[in-house]
> 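Okay, here's the structure, questions in a sec.
Residue numbers start from 1 in every chain, and the chains themselves are labelled A, B, ... in the order their sequence lines are given, proteins ahead of strands.
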Amino acid sequence: QSSDSSQQDGEENTDSLSPLEETSKVIIAEDGSASGAGFYIAKDKGYFEEYNIEVEFATFGNSDEMLPAVAAGEVDVAGGISSASFFNSIAQGIDVRFIADKGHNNDGSSYFTFVVRDDLKNEMTDYPDVKGKKIAVSTENGVDHYIYNEMLKHAGVSTDEVEFVLMSDFSNMMAAMGNKQIDLALQIEPLITQGENQDIHQRFLDATDYAPEAQIAMVLGSPKFLTERRDVAVRFMAAYLRGVRDYHDIFMKEVDDEGEVVSIMANHTALKDEELWTEVGVTGLNPNGYIFEEDVENQYQFYQENGAIQGELDFDKIIDMSLVEEALDLIGTYEE
Amino acid sequence: MQKKVSIPQLITIFSPICLLLLWEFCSQFAILDPRFFPAPTLIIQTLVQMGESGELFTHITVSLTRIIIGFLLGVIPAICIGLLMGMYRYFRHFFSPIIMIFMPIPTIAMLPIILILFGIGEFSKVITIAISVFFPVAINTAAGVANIDKIYLEVAKNYQANAKDFFFKIALPGSLPVMLEGIQMGQAIALLTIVAAEMIGASSGIGYLIWMNYKAFLLPQMYVGLLLISFFGYFFSLSLRGIERKLLPWK
Amino acid sequence: MQKKVSIPQLITIFSPICLLLLWEFCSQFAILDPRFFPAPTLIIQTLVQMGESGELFTHITVSLTRIIIGFLLGVIPAICIGLLMGMYRYFRHFFSPIIMIFMPIPTIAMLPIILILFGIGEFSKVITIAISVFFPVAINTAAGVANIDKIYLEVAKNYQANAKDFFFKIALPGSLPVMLEGIQMGQAIALLTIVAAEMIGASSGIGYLIWMNYKAFLLPQMYVGLLLISFFGYFFSLSLRGIERKLLPWK
Amino acid sequence: MSKIEINQLSKKFIKRDKFIDALQDITLSIQQGEFVCLLGPSGCGKTTLLRILANLEKTTTGDVFIQQLDKEKPLQSMVFQENGIIPWLTVEENVAFGLKMRHLPRAYIKERTEFYLSKVGLTNFKRLYPKELSGGMKQRVSIARAFANDPEILLMDEPFAALDEQNKFILQEELLSIWQETKKTVLFITHSIDEALLLSDRILLMSSQPGTIVKDITIEMERPRSIEKVRSDSTMTDIFLDVWEHLQSEVKQARLK
Amino acid sequence: MSKIEINQLSKKFIKRDKFIDALQDITLSIQQGEFVCLLGPSGCGKTTLLRILANLEKTTTGDVFIQQLDKEKPLQSMVFQENGIIPWLTVEENVAFGLKMRHLPRAYIKERTEFYLSKVGLTNFKRLYPKELSGGMKQRVSIARAFANDPEILLMDEPFAALDEQNKFILQEELLSIWQETKKTVLFITHSIDEALLLSDRILLMSSQPGTIVKDITIEMERPRSIEKVRSDSTMTDIFLDVWEHLQSEVKQARLK
Ligand SMILES: Nc1ncnc2c1ncn2[C@@H]1O[C@H](COP(=O)(O)OP(=O)(O)OP(=O)(O)O)[C@@H](O)[C@H]1O
Ligand SMILES: Nc1ncnc2c1ncn2[C@@H]1O[C@H](COP(=O)(O)OP(=O)(O)OP(=O)(O)O)[C@@H](O)[C@H]1O
Ligand SMILES: [Mg+2]
Ligand SMILES: [Mg+2]
């Protein structure tokens, strides 16, 4: 279509993508985490509405529970943490695709990183110190496990030299820290900041040290949504990316919008304290929507080595950036 | 006289207050870690704040609707199947192994199956509650019918009751006391299941309140949720006892 | 004669088989989505595979140990407190509101508190089970004591039984039938809780098997876990009925 | 033709692969309006015989026949020993039970119920549940229920066994007075010889297991009878001692076995 | 000095803020070895009086006294009306219950238990549970338990009320035979005048509520007695009719109230 629009700023280009003639509803599965920023902002700022798209959020206990919902066609789009279960479900014929970035770490202030128990913060200063420690991770054969493994590799410590503790919830880790049951945990924002403020734990270095391009969360699309409702999907993606860009402007470029975005975030996530939003390490969201494809493949390798994968996969089919590209064509590429 | 009667009542009121005071004390003096066990006063404060904003009210109505509908949806078929099981032994022999097999399956493990079969709408939440309520009620109803003194069956037969009369005059009222015990249990289970039920694509409700706030580690808010569950548990129990007294004037 | 007796047994065996065949059929012909409802034959295959590798055996022993210890840890204090509640009314008035308050709190919501208080070791898993077993057993035991016919208490008094004899000869055996009903229920709840219990830092066990495989979307493996839970539920139920018959030769 | 006709009846029970001969070769006929008492040692099969007549048990061989004069009327109604009244129905509903089960017109049911309630003196208690009644009152309800149903014959299985002597007598008097009004055929089981003497036109004496009828005694004392008269009458004392001796020897024989 | 001494005893119950006068101004004394029957209309307070003696109820005014000749022996043991034997103990354990509660030597308990089991003819049934026993056998257990406990006095509250007439008589005979061997003082409640005539040395007749003792009848008929003798004896028939009349008028009065 219009290749000239790619040179221009997104804001001015909305008219090139006309609103739908009939209002269309899109159901988004969410787990209430901050990485859904793109969805929240696009909704509250009316970007979806501009395209005559009505969105509805369905909240799940965790991202794995969304899979059956995607497969059953109950939701069109889901935001999920990368894990073996995605690959397995795809191998089993549940045709979900990774369609955009929904979270990666930013240098120096990772939103998903290791924390160390408050009373150990002085004795634990560098990676080799993790030897012999109890480390809590929230899933086995998920991105957490992958990052944990990367960290150990980086530290030069073998998996036998530390104790892997599987804890189903990040909050359980807080509790276990308080009870001195674990020494380290792979924790997520805003709990990292909350825990720091309550002297439960402190950040332990930064995840970008060993996994700079880890793809933590992704936007998933149901194939039906991507094919049969392509016109809706394109507009959806365009609105999403506009939301992500607003987010990027505020949190990465520190453009001032008088707190509108922050209050949207506080409204949609469990972090209600708007002050804290200036402190937390926010998730990185690619304003152009692309994901770290290579890292996704690495993760897949890792899960496969662990024997957690059943069946073979065709990555070209899983990672589907065509929607992002189509949307970028329409609203233009974001320039840093 | 008057004084004597109220000693047990005094104790009944005194015991939870006692517990609360102990908790308050331990929390204030950090014997229990106040980060994890916020003082009751703080929880009450949070409750009031949440109450003022009105959001609490929505959560409560949403959950209560789910609990009540789910409860009814579980209890009604349970009573029907239970009565049939009690009355016809072939029915009993057919259903009891099925109940035995499905009963031990934990609610959390059923969630994905429910999701696939019933989607993510209200219905799936309600059905989660219904399923967990179903088993104890069905079992107790069957036991209730089986426990009806044989002599009443013979009286009915001797006085030529037809099947319908037999059902409504003998089987149903006769099994009611044991059935109501099962319903009482079902009520407790309905509440126990609300958190799990509201893990399926919910965005409001007391269960949602509890686990969302736990995930966000906002413990006072989570305790508010627990407090509400407790309160409704107590309230439902008492209401059911009241209904029981109405339904069983002959006990 | 011989043939007549086995008709109910036939039905009892027939009904789950019927269900399995229906499932197999629906799954094979994709009436039920086979990605979510793998055919029973596939599940059995998976079971055999997992069994051969020996890992299954570890999971089973680990979980059974937890269930049994947790069960005992819940049942024993429940019986003691239940007996005291049944025998002394002040005790009853003191404890019943506390039980009423804590009973409706869902197990999942208790996990963080358990974690704080008891850590992530074996003990916390066991205590999760124990807590959920505690309530029904305590309530039933108290009801059991309260239901002992007054005449036996008077016989004991008339024949000058002392407190200890009264406890062991009258209160305990007299409340046993109702208590055992509570224990039967507690057993079912212990199994229902194993998944939740093994969410606290576990790395083996049937509950772990279920939710890990669910999280990894390995559904046949998950169903193997559910199958095991079902099996043990059935098995425990039957065993308890057997024990009941031994303990209550006078019923 | 007689009202009740029993022909060569015998009944066997199966209990743990063993046969129990409960009744053997019973043949008897009872006339319209007769009050017949069945007396016999415990376990001789009295209840079994009654249950066969009440169609709650099948015969093994032989047959029973009850003459039906009015097609509208039920064949028989039973007064059970104890606990026969239904605890979840009020006194009134219990009395109306048989009529309701036959779906008779409401007004008729009401009228009959009121009538028999007043006959047994329970009008003021009609809204109560059985748990609030004494043993004697419960049996009154049971009797009123059976009479209200207006059956061809009445079967009574030790209706007064659980009552104390004084209450028993009051109920016996009441039963007789209702019986004399309605002239129903009654088959009445009892263990008490005095009761049988007071109530019956005929006493059928049974042997212990297997139950057969060994004596058929006609009581000719005029009515109304009273305990005082029964006790003072020497023929009655003779019948008492005769029956007593028979029962004692049956019971003692049974104990020796 | 007499064995049991009751002085100006009265007893009030409180029921829904109303006082019930159960017993009023009872004064009586019973001699060592006497067999005394307490007869009275239902609800006159017989059980209440027995329960006061059994220390299961307190007096409102007045006092009771039981003479204790042997410090080792319990003051009293009770035979309850029905269901008094404990269902989760075997026949043997039930009989030994009182002795066990007093923690007597094992061998002694065993010997006493065996003795009374054989006395009531239950030796072969000693390992059974009560549910497997007939009503008569249950009451035998209850009687054996009370006698085995060897108390100063025995209290019996209508022990045979639930039995049929023939079994009742057998048990009455057995009770008399044991009583004659042991010469215990017995206070026995019954509704049956025949039973009282057969068993007792003395009949205490009570009025209906509030219970007072209105007659004290000494039965002088020689022992061993039998129903036949009682029935044929004219003095006995007179006593019977006398008591009967008294009870009937009490019961009828009570009904009119
Ligand atoms: N359903 C049954 N199954 C097996 N045996 C039975 C059954 N009903 C009765 N019997 C046996 O049949 C015999 C007669 O029993 P039945 O109840 O008729 O005696 P009865 O004369 O009424 O005794 P009672 O005077 O004690 O009431 C008894 O030996 C009893 O054990
Ligand atoms: N615990 C109690 N509370 C209130 N009233 C009672 C209590 N026990 C007995 N009564 C009343 O005291 C009176 C006497 O009762 P009791 O049981 O002694 O009579 P009884 O002569 O044994 O009668 P029965 O012959 O029916 O056994 C009755 O009116 C009864 O209602
Ligand atoms: Mg009978
Ligand atoms: Mg009494």
> Could you walk me through whether Asp33(B) and Ile116(C) pass the side-chain contact (heavy atoms from CB on, under 4.5 Å) check?
CA-CA 9 Å; Asp33(B) 192 331; Ile116(C) 289 294; 5.6 Å; no

> With only heavy atoms counted, which part of Leu32(B) is less than 4.5 Å from chain C, the side chain, the backbone, both or neither?
side chain

> Could you tell me which of Leu117(C), Ile189(C), Thr193(C) has the largest number of non-hydrogen atom pairs under 4.5 Å with chain B?
Leu117(C)

> Under 4.5 Å from any heavy atom of chain B, what part of Met185(C) do you find: side chain, backbone, both or neither?
side chain

> Please identify, among Gly225(C), Ser230(C), Gly233(C), the residue contributing the most non-hydrogen atom pairs under 4.5 Å to chain B.
Ser230(C)

> Please look at Phe37(C) and chain B and tell me whether the side chain, the backbone, both or neither of the residue comes under 4.5 angstrom of a heavy atom of that chain.
side chain

> At a 4.5 Å cut-off on heavy atoms, which part of Ala190(C) comes close to chain B: side chain, backbone, both, or neither?
neither

> What are the two closest heavy atoms between His93(C) and Ser15(B), and how far apart are they?
O-OG, 4.4 Å

> Go through the atoms of Ser237(B) and report whether side chain, backbone, both or neither lie under 4.5 Å from a heavy atom of chain C.
side chain

> Enter the distance from Ile99(B):CD1 to Tyr234(C):OH here, rounded to the nearest 0.5 Å.
12.0 Å

> Between Tyr214(B) and chain C, which part of the residue has a heavy atom less than 4.5 Å away: side chain, backbone, both or neither?
side chain

> Given heavy-atom pairs under 4.5 angstrom as the criterion, report whether the side chain, backbone, both or neither of Ile113(B) touches chain C.
both

> How close do Ile105(C) and Leu226(B) get, counting heavy atoms only, and between which atoms?
CG2-CD2, 3.8 Å

> Considering only heavy atoms, which portion of Phe236(B) lies under 4.5 Å from any heavy atom of chain C: side chain, backbone, both, or neither?
neither

> Assess the residue pair Phe95(C) and Thr12(B) against the criterion (side-chain contact (heavy atoms from CB on, under 4.5 Å)); give the C-alpha distance rounded to whole Å, side-chain angles, the decisive distance to 0.1 Å, and a yes or no.
CA-CA 8 Å; Phe95(C) 273 98; Thr12(B) 305; over 6 Å; no

> Check whether Ile229(B) gets within reach of chain C through its side chain, its backbone, both or neither, counting any heavy atom under 4.5 Å.
both

> So for Ile11(B), is it side chain, backbone, both, or neither that comes closer than 4.5 Å to the heavy atoms of chain C?
both

> Grab the two heavy atoms, one from Leu238(B) and one from Met100(C), that are nearest each other, plus how far apart they are.
CD2-CE, 4.3 Å

> Tell me the closest heavy-atom pair linking Ile101(B) and Pro16(C), and the distance in Å.
CD1-CB, 3.7 Å

> Side chain, backbone, both or neither: which part of Leu111(B) has an atom under 4.5 Å from a heavy atom of chain C?
neither

> Non-hydrogen atoms of chain B under 4.5 Å away: do they reach the side chain of Phe36(C), the backbone, both or neither?
side chain

> Mind listing the closest non-hydrogen atom pair of Pro106(B) and Leu191(C) along with its distance?
CG-O, 4.1 Å

> Of the backbone (N, CA, C, O) and the side chain (C-beta and beyond), which part of Tyr223(B) lies under 4.5 Å from a heavy atom of chain C, both, or neither?
side chain

